[in-house]
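Beneath this line is the structure, given in structure tokens, with notes to follow.
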Amino acid sequence: MPSTHWQDLLHDASTPSRLVPAMSSGFVIALLAVIIQLSLASLIFSGPLAPFAPSAAGLTLFGGFAMCLVVALFSSFPPSVCLPQDAPAAVMAAVAAGIAATTAGAANPAGGYATVAAAMVLSTMATGVMFLVLGRFGLGNLMRYMPYPVVGGFMAGIGWLLIQGSVGITTGVSLSFATLPQLLAADKLLRLLPAVLLTLALLTAMKRWGSAYVLPGTLALALGAFGLYLAFTGQTGADAAQAGLLLGGMPEGSMLWPVFGPADLALIRWDALWPQVPQLCTIPLVAAISFLLNASGLETAAKSDLDLKREMYVNAAANLVGGAGGSQAGYTALSLSLLGPKTGSDSRLVGLSCALFIGAATFLGASVLGFFPRFILGGMVLFLGVATMLDWVLAVRRQVSLVEYGLILSILCAIGFFGFLMGVGFGLVMATVIFVIKYSHLPVVRQDTDATVLTSARSRSVPDRHILFERGKGVRVLRITGYLFFGSANVLSRTVSGHLAPHNGPKPSHLVLDFAEVDGFDSSAVNCFLRLLQRCAAAGCEVVFAATPRGLQEQMRKSSPQDAEGARFLPDLDRALEWCEDAVLARREPHHSGDGQDTLFDRCVDDMMLHLEAGERFEALLERLHDHLERRAAVAGEVLLNQGEVPRGIWLLVSGQAEELARSAPEGTVVRLRSLGPGDMAGTTHPGRALPAPASLVAVTDCALAFLSAEALRRLEATSPADALAFYSLFTPLVEARVAEKAQPPHA
């Protein structure tokens, strides 16, 4: 244990304001723990094994002592309390029933008792190993994905179960619809009244003062009031026990553990144990899930994160130590761990004092606890349940939406009517449904535009640019984002249907779906896209898929080859836009006549004149720089400049076509950044200050180029400033045009 823990313990033990409330909380928790462990022993050893239940109580009590001690010393949540739990005990009870049925009629009935104890040891040790594995691989962090409303409903359900338990402790009758007539009887109401008054007193005092001495002071007053009641009514301790006002029912004897000796190993019926192994294997899983739920509740209630890896290791050690002593599986208890903080004590002394009290009952005898007033124990449990319900049913309303609050209440009702595990399972299912509904309403289409706004990087002639600007509205571009499942895919499908049946204007001739920002998809999305293809084919709209996930393309072709054949799959949005632009240009009439040709010429003449003037200036520049240029030729596919290489000058494209291609990773996709034609330039004028080239320069066709090195440009600036100025006057507008090219439509 770190030295800081010892220092904290010594400080708390030497500070009355820390010691007294911690010991008070620990004593109350120990009383609850002893009762819980005795009841769990009776649950497991029932039916034919019931005569062994008092003796088996030593096994569960030892587990409470060992687990509580280990977790109190090493947990990252100081007031943690760890005990053998009821969820694993329920499974163990079924295992014990199977073993009892197999060993029925045996000459020595103790064989079934020893076999069940062996099963408890094996399952608890396996639970310890399970916690070790979860801690080693960090799987405990999965619980952080638990939706907050589910945790809230889980916590509210814990509060309700505590209220139910408090009624059973106080009156001896469990709270349910069937038992309401019994609970409404005058004698039961009189027994319940002191517990309710104690709860109200604690709630009022904690809210009014919040002092660490509230709990011990209230307990002292309650004990004094009970003593006065006995004196006033003339009852003795025996009379109170007979009337059911005291706990009673504690096993007799000075020492409850150890229960078995080495000689008892021979009593184990392995033939009865092995058939139960599959059922035993569920206990570590149930324990792990329950612990993660408790840890989530602790984090939420304490408003701080636990060190889950450490908690896994600590609970693993607790189960390994407890299992070695014969205990059943356990883990950190949520409600008992919160009792200390709820009553003003967050010290490790809470768990340590609880462990010492349980140890005293285990090794010295538990019969003395039977003289403790029943209403005080029931009142403490009722206080914790009501406080939890106030936090997670009333106060939480300000922190969540109406839908989330409804989920919390529905989980609470499910736990109340159908049990804890069913309630939590219901909550997870409902949280999933709500998540799917909400996620399906998120915008799946990040951008809905046309080819007049988004254009390919391919260099086009002036007339082609004008035609594409006029007809580009017929190319609809949808850029999709997020995860595609039946909800989001249907939203996309409805969007496409709206474009195929517009309220005004023509239908699109092409539909481009860009998947570059899609995270994934499911099979329902595949079916949705196949139906979309059918609708588009009926409407005469060609569909182009850009950057489609490989799995989606393969599943579409496997599911419906005929429909998938009607679609076109291209590697990225730029190529998809280029293909659509080519299709639009191919549909124009090859020979314009009359007014149509004149109109196109009129629209293009200004831009064509500017283009011709730029070409003339470029040719003139080549003539002026003739002595400073290196003439080169490149064949189609030749790489002129590699991505990541620092350019040593400027490439001037005299004839042919080239492209700038960028690869996102060594094995990533290639994206075309720019298409270059005659008169375009690429490179840098200052290689000393230049960054590595963001893309490779590749010849698409056979090209003629001129290369102006940076050194030649420096000499040009020194010897012929006029020629250098002519170069910069042409180079600078090209750089500016590269930036504005995508944002500005062609000049009309």
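For the single chain, residues carry numbers from 1 onward in sequence order. Computation of the quantities below employed the complete heavy-atom set of this structure, encompassing side-chain atoms and omitting hydrogens, waters and symmetry-equivalent molecules.
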Can you find a heavy atom in the side chain of [X] that is under 4.5 Å from one in the side chain of [Y]?
| X | Y | value |
| --- | --- | --- |
| Asp563 | Arg531 | no |
| Leu676 | Glu659 | no |
| Val477 | Gln447 | no |
| Leu570 | Phe545 | no |
| Leu652 | Leu705 | no |
| Pro508 | Val475 | no |
| Leu292 | Ser296 | no |
| Cys580 | Val544 | yes |

Could you tell me whether a side-chain N or O of [X] sits under 3.5 Å from a main-chain N or O of [Y], the two making a donor and an acceptor?
| X | Y | value |
| --- | --- | --- |
| Ser729 | Leu725 | yes |
| Tyr405 | Val393 | yes |
| Asp572 | Val671 | no |
| Glu404 | Ser401 | yes |
| Glu638 | Val698 | no |
| Thr455 | Ala451 | no |
| Asn527 | Leu530 | no |
| Thr719 | Arg715 | yes |
| Arg397 | Val400 | yes |
| Glu542 | His510 | no |

For this session: Identify the residue among Arg672, Arg674, Gln643 that makes a side-chain hydrogen bond (donor to acceptor under 3.5 Å, both in side chains) with Glu660.
Result: Arg674
We want to know whether [X] and [Y] form a side-chain donor-acceptor pair, criterion being a heavy-atom distance below 3.5 angstrom.
| X | Y | value |
| --- | --- | --- |
| Thr452 | Arg471 | no |
| Gln657 | Thr701 | no |
| Asp448 | His499 | yes |

Exercise. Between Trp651 and Leu708, does a side-chain contact (heavy atoms from CB on, under 4.5 Å) hold up when you go through it step by step?
Worked result: CA-CA 7 Å; Trp651 293 95; Leu708 178 64; over 6 Å; no
Problem set entry | Whether Phe515 and Phe529 hold their rings parallel, tilted or perpendicular, with breakpoints at 30° and 60° | perpendicular
Rounded to the nearest 0.5 Å, what's the gap from [atom1] on [X] to [atom2] on [Y]? Could you check?
| X | Y | atom1 | atom2 | value |
| --- | --- | --- | --- | --- |
| Glu623 | Phe618 | CD | CZ | 11.5 Å |
| Leu621 | Phe727 | CG | CZ | 7.0 Å |
| Asp680 | Leu653 | CG | CG | 6.5 Å |
| Leu713 | Leu625 | CG | CG | 9.0 Å |
| Thr548 | Phe521 | OG1 | CZ | 10.0 Å |
| Arg557 | Leu552 | CZ | CG | 10.5 Å |

For this session: Please step through side-chain contact (heavy atoms from CB on, under 4.5 Å) for the pair Leu492 and Ile480, ending with a clear verdict.
Result: CA-CA 8 Å; Leu492 175 62; Ile480 310 168; 3.6 Å; yes
Identify the heavy atoms of [X] and [Y] that sit nearest to each other, and give their distance.
| X | Y | result |
| --- | --- | --- |
| Leu697 | Ala658 | CD1-CB, 4.2 Å |
| Val512 | Ala576 | CG1-CB, 3.9 Å |
| Ala662 | Pro694 | CB-O, 3.6 Å |
| Ala431 | Val150 | CB-CG2, 3.5 Å |
| Ile415 | Gly157 | CD1-CA, 3.6 Å |
| Gly153 | Ile411 | C-CG2, 3.6 Å |

Heavy-atom count around [X] [atom1] within 6.0 Å, excluding the residue itself: above 12?
| X | atom1 | value |
| --- | --- | --- |
| Gln562 | CD | no |
| Glu565 | CD | no |
| Arg446 | CZ | yes |

Problem set entry | Glu630 vs Arg648, salt bridge (charged side-chain N to carboxylate O under 4.0 Å, His left out): CA-CA, chis, key distance, verdict | CA-CA 13 Å; Glu630 303 175 26; Arg648 298 182 298 104; 6.0 Å; no
For this session: Apply side-chain contact (heavy atoms from CB on, under 4.5 Å) to Met430 and Leu428, showing your working.
Result: CA-CA 5 Å; Met430 291 304 299; Leu428 289 174; over 6 Å; no
Exercise. Is the shortest side-chain N to carboxylate O distance from Asp582 to Arg458 below 4.0 Å?
Worked result: yes
Problem set entry | Pair Arg714 + Glu717, salt bridge at N-O below 4.0 Å | yes
Exercise. What do the steps show when you test Glu578 against Arg575 for salt bridge (charged side-chain N to carboxylate O under 4.0 Å, His left out), and what is the final call?
Worked result: CA-CA 5 Å; Glu578 179 186 7; Arg575 301 293 180 181; 3.7 Å; yes
Problem set entry | Worked check of salt bridge (charged side-chain N to carboxylate O under 4.0 Å, His left out) between Arg550 and Glu554 | CA-CA 6 Å; Arg550 185 173 182 81; Glu554 292 177 352; 3.1 Å; yes
Problem set entry | Leu412 and Ile408: CA distance, side-chain angles, deciding distance, side-chain contact (heavy atoms from CB on, under 4.5 Å) verdict | CA-CA 6 Å; Leu412 170 60; Ile408 291 175; 5.6 Å; no
For this session: Assess whether side-chain hydrogen bond (donor to acceptor under 3.5 Å, both in side chains) is satisfied between Arg535 and Ser493, documenting all intermediate values.
Result: CA-CA 10 Å; Arg535 289 198 299 273; Ser493 179; 2.3 Å; yes
